[in-house]
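Shown next, in C-alpha cells, is the structure this report addresses.
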Amino acid sequence: MHFDKIMLKLQKELYSNKPKAIDAHKQIQWQKELARKFHISEDELYEKLPMISATADIHKDITNDTISIPLHSHNFWEILFCCHGDVKYIIKNRQYLFQAGNILIIEPETAHQPLISSKIQLSYDRYVLRIQTNFLEKCASVYPDVFSVIEKCRKSNNWMLEFSSFSITQNINSFFELMENEMLSQQEHWQDAINLQVLQLFLYLNRFYSNAKEMTGQTADDQLLESLIQYVFSNYSLPITLEKTAKDFCTSQSKISHLFKDRLDTSFYQYVIKTRLIAAKRHLFNEVPITEIWKICGFTDYSTFYRLFKKEYGFSPRQFRELFFMNNFDTTLNVFQHN
C-alpha cells in the first residue's frame with residue numbers, strides 16, 4: 001500500500017479512536033496496535049502520526065513508568081509545558097533538565113528525545129501543543145513581535161524557557177488548560193478559540209521568559225553523553241566510527257556502546273544513522289538535489305542512503321519530497337480556508 005494511502009487511513013483512526021485522556025502507556029499500546037495493523041514499525045509510526053488540526057492542537061501526556069521514546073522529528077512545531085515531575089530532554093545537540101513550570105520549544109524537523117529514567121519517582125505530566133508550520137508563519141507575518149521569543153531561542157541555541165515566579169507558571173498552565181478544554185469539548189468555534197490562545201500564549205511568553213540555566217549536578221556519564229551527542233550532531237557529514245570516537249574521547253568503545261544503550265535505548269551506530277536521516281529530511285524540505293544529500297549527510301554512497309531512508313520511512317527520498325509538497329500545499333489551503 002502506498003504511504004499516502006496509509007496516512008489517510010491513519011488519520012481516520014486518529015480522529016475516531018484516539019483516547020482523549022492520554023496516559024503514555026495507553027497511548028503506546030494504541031500505537032502498537034496501529035503499527036501491527038498497518039505493518040510498519042512503532043518508531044516509524046511515532047514519527048509519521050499526523051496532527052489532528054490544520055492549525056494547532058493539544059493533548060496532555062502522563063508517564064508514570066519507564067518508557068522508551070526514540071530520537072525523532074516532526075514536520076510541525078511542538079511546545080511542551082511540564083506540569084509535574086522532571087525528565088532529561090535532548091534537543092539537537094543539547095541536553096536539558098525539563099522540570100515542572102518549564103517550556104520546551106521544538107522546531108519542525110529537529111531531532112529530539114526525552115530520556116525517561118528507570119528511576120522515575122514522580123509522574124512526568126506535560127501538555128503537548130502542536131502547531132502547523134504554515135499557520136505559525138502566517139501568524140508571525142501579521143504579528144512578528146508576538147513570536148520574537150522563537151528568534152531569541154534560535155540565537156542563543158537555547159530552547160527551554162524558565163520563569164521567575166510561581167504565579168507566572170500558573171498563568172501559563174491556565175493557557176494550556178483552556179486549550180485542552182476547547183480540544184476536548186469541541187464546542188462551536190473551538191478551533192478558533194485554540195488559535196487565539198496560541199497567540200496569547202506567545203505574547204505572554206515574550207513578556208516573562210528568561211534563558212534556561214545550564215544543567216547542574218551532571219554526572220561524568222551525563223557529561224560524556226552530552227559531549228558525544230554534540231560530536232555526532234556537529235560531525236554527521238563526516239565519517240564517524242565507534243573506534244575513532246572512542247579514541248577522540250579517550251574512552252572505550254564498550255563504554256560508549258553501553259551509555260547509548262542504557263540512556264537512549266539504541267546503539268551508537270543507529271544514533272548516528274538516525275541523526276543523518278533526520279538531517280536528510282531537512283534537506284529534502286529545502287529542495288537540495290537528492291543526488292547531493294547523501295554526501296552532505298555523511299552516507300558512504302547513494303544506494304546506502306536510499307536503502308536506509310526507505311527502510312526508516314517506508315518510501316524513497318523522491319517519494320517523500322513529493323508527498324511533503326503535496327501535503328504542504330493541502331495544509332496551506334486548509335489554513336487559508338479556515339481563516
Dump the intermediate steps for side-chain contact (heavy atoms from CB on, under 4.5 Å) on L259 and F268, then the final yes or no.
CA-CA 9 Å; L259 195 56; F268 177 75; over 6 Å; no
Would you name the heavy atoms of [X] and [Y] that are closest together and state the gap between them?
X: K274; Y: L71; answer: CE-O, 2.7 Å
X: F135; Y: A54; answer: CB-O, 4.4 Å
X: L203; Y: V146; answer: N-CG1, 3.7 Å
X: Q270; Y: S267; answer: N-OG, 3.0 Å
X: F81; Y: F98; answer: C-CZ, 4.0 Å
X: T133; Y: N75; answer: OG1-O, 3.3 Å

Candidate pair I293 and F299, rule side-chain contact (heavy atoms from CB on, under 4.5 Å), full reasoning:
CA-CA 9 Å; I293 291 176; F299 293 96; over 6 Å; no
What's the spacing between [X] [atom1] and [Y] [atom2] if we round to 0.5 Å?
X: H59; Y: E180; atom1: NE2; atom2: CD; answer: 10.0 Å
X: L129; Y: M183; atom1: CG; atom2: CE; answer: 10.0 Å
X: F76; Y: T55; atom1: CZ; atom2: OG1; answer: 13.0 Å
X: Q186; Y: I194; atom1: CD; atom2: CD1; answer: 8.0 Å
X: I229; Y: S234; atom1: CD1; atom2: OG; answer: 11.5 Å
X: L97; Y: L115; atom1: CG; atom2: CG; answer: 11.0 Å

Classify the side-chain pair [X]/[Y] by whether it contains a donor and acceptor separated by less than 3.5 Å.
X: N195; Y: Q191; result: yes
X: Q223; Y: E226; result: no
X: S73; Y: K281; result: yes
X: S257; Y: Q253; result: no

Cluster link [X] to [Y], ILVMFWY, side chain under 4.5 Å:
X: L199; Y: L178; result: no
X: M160; Y: I150; result: yes
X: I296; Y: L238; result: no
X: I90; Y: L224; result: yes
X: L284; Y: L308; result: yes

Under the side chain to side chain donor-acceptor pair (under 3.5 Å) test, residues paired with S303 that sit two or more places apart:
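S303 satisfies side chain to side chain donor-acceptor pair (under 3.5 Å) with D301 once adjacent residues are dropped.
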Residues forming a side chain to side chain donor-acceptor pair (under 3.5 Å) with S316, sequence neighbours excluded:
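Only Q319 meet the side chain to side chain donor-acceptor pair (under 3.5 Å) criterion with S316.
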Are the side chains of [X] and [Y] in touch, meaning some heavy atoms are under 4.5 Å apart?
X: Y124; Y: D61; answer: no
X: K261; Y: T266; answer: no
X: R276; Y: I240; answer: yes
X: L104; Y: E78; answer: no
X: R94; Y: I91; answer: no
X: H74; Y: I106; answer: no
X: R126; Y: V87; answer: no
X: I103; Y: I79; answer: yes

So, the side chain of [X] versus the backbone of [Y]: is there a donor-acceptor pair under 3.5 Å, distance only?
X: Y127; Y: F175; result: no
X: S174; Y: Q170; result: yes
X: Q132; Y: S53; result: yes
X: N181; Y: E177; result: yes
X: H72; Y: A111; result: no

Answer yes when K247 and E243 have at least one side-chain N-carboxylate O distance shorter than 4.0 Å, and no when they do not.
yes
Considering only NZ, NE, NH1 and NH2 on the basic side and carboxylate oxygens on the acidic side, decide whether E287 and R321 come within less than 4.0 Å.
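Salt bridge flag = no for R321 with E287.
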My understanding is that only residues two or more places apart in sequence, or in another chain, count here; which of them pass side-chain contact (heavy atoms from CB on, under 4.5 Å) with [X]?
X: Y302; result: I290, W294, F305, Y306
X: A279; result: Y236, R282, C297
X: Q187; result: S185

For a side-chain contact (heavy atoms from CB on, under 4.5 Å) check, start with the C-alpha distance between K92 and E107, then their side-chain angles and the critical distance, and finish with the verdict.
CA-CA 10 Å; K92 289 185 179 178; E107 293 183 289; 3.3 Å; yes
F320-F315 aromatic ring centre distance below 6.0 Å
yes
Over 12 non-hydrogen atoms of neighbours within 6.0 angstrom of CZ in R318:
no
Within a 6.0 Å radius of atom OH on Y143, are there more than 12 heavy atoms belonging to other residues, nucleotides or ligands?
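Check fails, neighbour count at 12 or below.
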Report the C-alpha distance between I58 and Q197 in whole Å, list the side-chain angles of each, state the deciding distance to 0.1 Å, and finish with yes or no for side-chain contact (heavy atoms from CB on, under 4.5 Å).
CA-CA 11 Å; I58 188 170; Q197 285 294 320; over 6 Å; no
Residues in ring-ring contact (aromatic ring centres under 6.0 Å, His included) contact with F202, at least two apart in sequence or another chain:
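Residues passing ring-ring contact (aromatic ring centres under 6.0 Å, His included) with F202: F147.
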